[in-house]
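In what follows, a single structure is set out as structure tokens and then discussed.
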Amino acid sequence: FFDADRMTVMQEMIFAKSREEREAVLDRLLPMQRNDFIDLFRIMEGTPVCIRLFDPPLHEFLPYDRAGLRDLAEALDLPLSDVTRRVEEMSEYNPMLGMRGVRLGITVPEIYEMQARAIFEATIAASLEKNPVVPEIMIPLVSAKREVELVKSRIDAVASEVRTKTGSNFDYCLGVMVETPRAALRAGDIALNSAFLSFGTNDLTQMTYGLSRDDAGRFMGAYVQQEVFPEDPFHTLDTEGVGELLKLGAERARLADPDIIISICGEHGGSPESIAFCRQNNFNYVSCSPFRVPVARLAAAQLAISDKRH
């Protein structure tokens, strides 16, 4: 979305005055997204692909300096005063806890509808070439059951439209990224409309501690040195505090749906300690950044061998 050709379209969408105008702008983004997903499905060659829906706050696509505002006003053919006013309206005191993730998906539903359409059209295109693709769609930053119900109903409606329009059938599953303490505590409710729950431990740690991971480095060394925390909780999963939320969430979700898939994602997913915790609590898988995959696989293999020995 931050590529130059998409950035301009995103900015036009932000300045659109109605749902119809936003949809018209997003129609230009749809083929770009569809091609992204077709490429992704081809690269993955039929293995599972989980796509997180749009997450960042919209203000990230807007300039704040005078020169950037002038350039944007010129590109959109709008008065500088209108552009400046809109940018000021979009600003937030604490954007990481503001209108992003599912909150954006509910207040500006056209974005998620466009992404769902792109995913489903790409699914059909990629399935014609090889084995059927079954995309996993993940809703970020959920806090309440109703958020999932609203997004699910819209995505299901888009799927129905695409099936009718193309005459093709396809499967998909919808899940939730559990990044807020409330989502972990209400996982039983949320599981009723979810095929999987993925605990996003980066944000979950941040919200559980009330601690900004972008700023924690300033004092974390002193905290670890004085044994306030045994380790930086953003580097090593806090199995006592955050881990308690993970266990509660997993237990409550499985009571509601014994077949639900449970995982964690983020930097913690690549550490041997986190993998041991997830294995111990019967999580289905861990997800991590690519450069941590070898360490994660080795740790998982060692734990599996150790379990067989015992």
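What you see is a predicted model, and the numbers here were worked out from it, not measured in a lab.
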Query - Partners meeting salt bridge (Lys or Arg N to Asp or Glu O under 4.0 Å) with E110 (sequence neighbours left out) - result: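 With sequence neighbours excluded, E110 shows a salt bridge (Lys or Arg N to Asp or Glu O under 4.0 Å) to R19, R22, given in chain and number order.
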Query - Residues forming a salt bridge (Lys or Arg N to Asp or Glu O under 4.0 Å) with E88, sequence neighbours excluded - result: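 Not a single residue meets the salt bridge (Lys or Arg N to Asp or Glu O under 4.0 Å) criterion with E88.
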Spell out, as yes or no, whether a donor-acceptor pair under 3.5 Å connects the side chain of [X] to the backbone of [Y].
| X | Y | result |
| --- | --- | --- |
| S127 | V133 | yes |
| D3 | R6 | no |
| E136 | L174 | no |
| Q226 | Y223 | no |
| E179 | L141 | yes |
| T201 | L204 | no |
| Q206 | N202 | no |
| N281 | F283 | no |
| T8 | D5 | no |

Report task. Using the test side chain to side chain contact (heavy atoms under 4.5 Å, CB included), find all partners of D77 that sit at least two apart in sequence or belong to another chain. Result ->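 Side chain to side chain contact (heavy atoms under 4.5 Å, CB included) check on D77 returns nothing, list empty.
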Requested in this report: Can you establish whether the number of heavy atoms outside E74 located under 6.0 Å from its atom CD is more than 12?
Outcome: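 Count not over threshold, so no.
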Any non-hydrogen side-chain atom of [X] less than 4.5 Å from a side-chain atom of [Y]?
| X | Y | value |
| --- | --- | --- |
| V224 | F219 | no |
| Y112 | I106 | no |
| C288 | V293 | yes |
| C173 | I137 | no |
| Q11 | L72 | yes |
| P140 | R52 | yes |
| V83 | F15 | yes |
| L58 | L104 | yes |

Shortest non-hydrogen contact from [X] toward [Y]:
| X | Y | answer |
| --- | --- | --- |
| A184 | L245 | CB-O, 3.8 Å |
| T208 | P181 | OG1-CG, 4.0 Å |
| P135 | F41 | CB-CZ, 4.0 Å |
| R66 | L80 | NH2-CD2, 3.3 Å |
| R103 | G98 | NH1-O, 3.0 Å |
| I260 | A191 | CD1-CB, 3.5 Å |

Query raised in the report: Does one side chain, of S274 or S271, offer a donor that lies under 3.5 Å from an acceptor on the other?
Result: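 On atom types as modelled, these side chains qualify, holding a pair under 3.5 Å.
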Query raised in the report: Just checking, any donor-acceptor pair under 3.5 angstrom between side chains of E267 and S289?
Result: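 The criterion, which ignores hydrogens and geometry beyond distance, is satisfied for S289 and E267.
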From [atom1] ([X]) to [atom2] ([Y]), nearest 0.5 Å:
| X | Y | atom1 | atom2 | value |
| --- | --- | --- | --- | --- |
| L69 | L78 | CG | CG | 12.0 Å |
| R182 | S143 | CZ | OG | 7.0 Å |
| M90 | L62 | CE | CG | 5.5 Å |
| F1 | M7 | CZ | CE | 12.0 Å |
| I261 | Y285 | CD1 | OH | 8.0 Å |
| H268 | T236 | NE2 | OG1 | 7.0 Å |

Of all pairs that satisfy salt bridge (Lys or Arg N to Asp or Glu O under 4.0 Å), the ones with a partner from [range], not counting sequence neighbours:
| range | answer |
| --- | --- |
| residues 219-230 | none |
| residues 245-256 | none |
| residues 191-207 | R100-D203 |

According to a hydrophobic-cluster definition based on side-chain heavy atoms being under 4.5 Å apart (Ile, Leu, Val, Met, Phe, Trp, Tyr only), do [X] and [Y] belong together?
| X | Y | value |
| --- | --- | --- |
| Y209 | L97 | no |
| I155 | M138 | no |
| V162 | F37 | yes |
| L30 | V108 | yes |

Side chain to side chain donor-acceptor pair (under 3.5 Å) partners of [X], counting only residues at least two apart:
| X | answer |
| --- | --- |
| R279 | D307 |
| R186 | D189 |
| R70 | none |

Query raised in the report: Can V49 and I51 be said to form a side chain to side chain contact (heavy atoms under 4.5 Å, CB included), step by step?
Result: CA-CA 6 Å; V49 177; I51 297 164; 4.0 Å; yes
Report task. State which residue, out of Q33, M114, M10, fulfils the side chain to side chain contact (heavy atoms under 4.5 Å, CB included) condition with F54. Result ->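 For F54, the side chain to side chain contact (heavy atoms under 4.5 Å, CB included) check succeeds only for M10.
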**Report entry** Stepwise side chain to side chain contact (heavy atoms under 4.5 Å, CB included) test for M177 and V142
**Finding:** CA-CA 7 Å; M177 199 166 182; V142 163; over 6 Å; no
Query raised in the report: Does anything in residues 154-168 pair up under side chain to side chain donor-acceptor pair (under 3.5 Å), and if so which pairs, sequence neighbours excluded?
Result: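 Side chain to side chain donor-acceptor pair (under 3.5 Å) check on residues 154-168 returns R117-E161, K152-D156, D156-Y172, R163-N169.
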Side-chain donor/acceptor pairs under 3.5 Å, residues 118-126, sequence neighbours excluded:
from: E121; atom 1: OE1; to: R34; atom 2: NH1; distance (Å): 2.6
from: T123; atom 1: OG1; to: I119; atom 2: O; distance (Å): 2.7

Query raised in the report: Taking the six-membered ring for Trp, are F229 and F234 ring centroids under 6.0 Å apart?
Result: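 Not under 6.0 Å, so no.
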**Report entry** Intermediate values then yes/no, side chain to side chain contact (heavy atoms under 4.5 Å, CB included), L211 and M220
**Finding:** CA-CA 11 Å; L211 182 61; M220 192 55 68; 3.8 Å; yes
Please set out all donor-acceptor pairs under 3.5 angstrom arising from side-chain atoms of residues 192-200, sequence neighbours excluded.
from: S194; atom 1: OG; to: I190; atom 2: O; distance (Å): 2.8
from: S198; atom 1: OG; to: S263; atom 2: OG; distance (Å): 3.2

**Report entry** Residues D238, T205; criterion side chain to side chain contact (heavy atoms under 4.5 Å, CB included); working and verdict
**Finding:** CA-CA 8 Å; D238 164 27; T205 297; 5.8 Å; no
